[in-house]
Amino acid sequence: MASSPPYPAHPGASSGGGTLRHAHWWQRPWVRYGALISLLTLSGLVILALVREQTGTEGFLVGLGLAVLPVPLLVAAFRWLDRVEPGPWRNLLFSFAWGACAAALIAIVANSFATQWIATATADPAGADTLGATVIAPVVEESAKAAAVLLVFLFRRRDFTGILDGVVIAGVTATGFAFTENILYLGTAFGTDQLTGDNGIASVTAATFFVRIVMSPFAHPLFTVLTGIGFGIAALSGEGQRLRRVLLPLGGLLLAMGMHALWNGSSTLGQYGFFAVYGAFMVPMFGVLTWLVVWTRQRELRTVRTELPAYAVAGWLTPAEPFALGSMRARRIARQYARRYGGKAAARAVAQYEAYATSLAFLRHRGRLGRAGTDFVTRERELLLELWHRRGAARPALDHAARVTTPAVPVAAAPWPVPGMYGPPPHGQPAHSHPPHGHPVHSRPPHAPLPYGHPYGAYDPNAHRS
């Protein structure tokens with residue numbers, strides 16, 4: 001399946017003739033990044049002013065201090081899921097900023113406008129609030145958060161290759177959105193307590209903190225992850241399955257809206273409606289989705305171990321690397337080994353090597369299933385060259401990790417005495433004699449991988465260069 005020769009071409013070699021057309025000014029990366037940063041900054045300033053206006057300065061600071069508590073834990077959890085094929089940090093920063101600034105601003109403005117319009121049209125403010133919470137808010141908020149997933153799916157397509165990518169982008173976006181929303185709710189609750197004089201456990205602030213931060217910090221990520229799964233399955237589809245690519249994200253978005261509506265509507269189901277929905281739907285759904293993403297993570301590691309041996313046969317990888325790259329423990333040991341003997345630069349090179357090798361395995365897997373794009377050969381060569389440039393630091397570290405993590409093979413003791421192993425040698429044979437051919441019995445552990453110089457080891461690309 002590897003379509004490249006067993007040695008890399010010169011990095012400066014051109015892949016084809018013809019001249020490149022100059023991109024228009026609005027297509028240049030710095031223009032796009034500048035426009036995106038300006039949009040998010042402006043949204044952040046506006047949402048900051050709106051929240052501070054509703055909560056007051058003191059309420060804003062209290063809400064900010066309490067709302068930030070679950071953020072590191074949620075981001076770390078999604079980053080852990082992304083360790084198999086880690087995406088760029090800029091994607092996560094964009095997702096969090098979009099959720100905290102742009103999506104939150106859209107939600108506040110659209111929800112307020114729609115609720116006021118319904119209240120004016122129906123002359124029923126209470127009914128308008130209920131309709132806004134159970135119908136309008138889920139549609140507006142999930143659509144605003146899904147926009148971040150859509151943008152990464154369209155413009156960072158190489159970083160969006162499967163279900164876990166969708167889960168991570170959606171989860172981090174929802175974490176940012178919940179962060180801003182929690183500031184608003186906690187700050188408003190604190191302002192209410194200031195007016196009523198309540199404090200301590202009986203205060204509105206304590207109750208709001210318990211419900212939103214302790215019991216349900218995963219609520220918004222749980223809703224939006226359903227959208228991310230839809231986009232992730234769509235990313236696994238072939239280019240010819242356009243209808244599937246459209247319907248799957250829409251289906252995920254509708255499920256997210258439905259789950260969000262059920263959660264918001266739990267307050268209208270009576271005194272124990274919230275706890276009933278929490279125990280009957282939220283907790284089981286959280287458990288199912290957690291199992292799904294962890295299972296997907298393990299499945300991706302199996303894909304790495306299955307697909308990379310083809311490149312070891314072609315000489316691009318050593319025989320031990322597919323095993324080491326398919327184990328998160330071995331990867332961590334390889335990075336630690338590189339840092340200990342080569343410093344931070346070597347550890348960074350090993351981490352990049354692991355990420356590129358994983359992308360290569362996923363690319364080959366999609367190619368075998370007929371789901372690779374037309375740029376399969378170009379992308380494969382790019383990834384192989386990235387591996388080739390980092391092989392000096394990565395190969396010794398991964399070889400060490402493979403030796404450390406390879407499980408020992410149990411060897412049953414023979415029922416009769418074996419010369420040189422157990423018991424005295426028979427017939428007066430010297431105690432330090434060796435078996436035939438002059439090789440000691442314990443010359444190499446049975447579980448140790450073959451050394452690079454072994455005649456059945458990896459093919460050396462430099463050996464056939466003139």
Side-chain angles (χ1 to χ4, degrees), residues 34-57 59-64 66-68 71 93-152 169-192 208 212 219-221 223-224 227 249-250 253-254 256-261 263-265 267:
L36 183 61
I37 293 173
S38 300
L39 172 64
L40 293 177
T41 303
L42 180 62
S43 300
L45 293 175
V46 174
I47 195 67
L48 175 64
L50 290 176
V51 173
R52 182 179 173 276
E53 180 183 359
Q54 296 188 36
T55 62
T57 302
F60 172 80
L61 294 177
V62 171
L64 176 63
L66 297 177
V68 77
V71 171
L93 291 175
F94 160 75
S95 301
F96 186 88
W98 181 275
C101 300
L105 178 61
I106 294 171
I108 288 180
V109 173
N111 289 342
S112 300
F113 174 81
T115 302
Q116 291 177 3
W117 181 82
I118 294 174
T120 303
T122 61
D124 183 11
D129 290 340
T130 301
L131 186 62
T134 57
V135 178
I136 296 173
V139 172
V140 171
E141 294 176 7
E142 294 307 321
S143 298
K145 290 182 286 184
V149 187
L150 176 63
L151 290 174
V152 177
I169 296 299
V172 173
T173 302
T175 300
F177 182 90
F179 169 66
T180 301
E181 191 179 64
N182 286 337
I183 295 175
L184 177 61
Y185 277 90
L186 290 166
T188 303
F190 179 81
T192 302
T208 304
R212 300 190 65 87
H220 272 289
F223 308 146
T224 314
T227 303
L250 286 177
L253 178 59
L254 291 176
M257 292 176 180
M259 196 71 182
H260 196 158
W263 175 250
N264 285 2
S267 59

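Just so we're clear, the structure is a prediction, and the values are computed from it rather than from any experiment.
- Here L36 pairs with L40, F94 under the side-chain contact (heavy atoms from CB on, under 4.5 Å) rule; sequence neighbours left out.
- T41 pairs by the side-chain contact (heavy atoms from CB on, under 4.5 Å) definition with I37, L45, not counting sequence neighbours.
- For the atom pair CG of L66 and CG of L61, the computed distance is 11.0 Å after rounding to the nearest 0.5 Å.
- F96 CZ: more than 12 foreign heavy atoms inside a 6.0 Å radius.
- The two residues L253 and A146 come nearest to each other via the heavy atoms CD1-CB, 4.0 Å.
- Atom OG1 of T227 sits about 7.5 Å away from atom CE of M257, to the nearest 0.5 Å.
- Among pairs with a residue in residues 42-54, those fulfilling side-chain hydrogen bond (donor to acceptor under 3.5 Å, both in side chains) read R52-T57, at least two apart in sequence or across chains.
- By the salt bridge (charged side-chain N to carboxylate O under 4.0 Å, His left out) test, R212 is found to be paired with E181, residues two or more places apart in sequence or in another chain being considered.
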In residues 123-130, what donor-acceptor pairs under 3.5 Å come from side-chain atoms, sequence neighbours left out?
| from | atom 1 | to | atom 2 | distance (Å) |
| --- | --- | --- | --- | --- |
| D124 | OD1 | G127 | N | 3.2 |
| T130 | OG1 | A126 | O | 3.2 |

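- In this structure, the side-chain contact (heavy atoms from CB on, under 4.5 Å) partners of A137, at least two apart in sequence or on a different chain, are N111, E141, N264.
- Between T55 and I183, every side-chain heavy-atom pair lies at or beyond the 4.5 Å cut-off.
- The NE2 atom of H220 lies 7.5 Å from the CG atom of N182; values are rounded to the nearest 0.5 Å.
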Pairs under 3.5 angstrom only: tabulate donor-acceptor contacts from the side chains of residues 171-179 to other protein residues two or more places apart or in another chain.
| from | atom 1 | to | atom 2 | distance (Å) |
| --- | --- | --- | --- | --- |
| T173 | OG1 | I169 | O | 2.7 |
| T175 | OG1 | G171 | O | 2.7 |

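- Distance check, rounded to the nearest 0.5 Å: CD1 of I136 to CG of L131 gives 5.0 Å.
- Under the side-chain hydrogen bond (donor to acceptor under 3.5 Å, both in side chains) criterion, S38 pairs with no residue at all, not counting sequence neighbours.
- With sequence neighbours left out, the side-chain contact (heavy atoms from CB on, under 4.5 Å) criterion links L42 to V46.
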L50 and L105: CA distance, side-chain angles, deciding distance, side chain to side chain contact (heavy atoms under 4.5 Å, CB included) verdict:
CA-CA 9 Å; L50 290 176; L105 178 61; 3.7 Å; yes
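- Here the OG-CG distance, from S95 to L151, works out to 9.5 Å after rounding to the nearest 0.5 Å.
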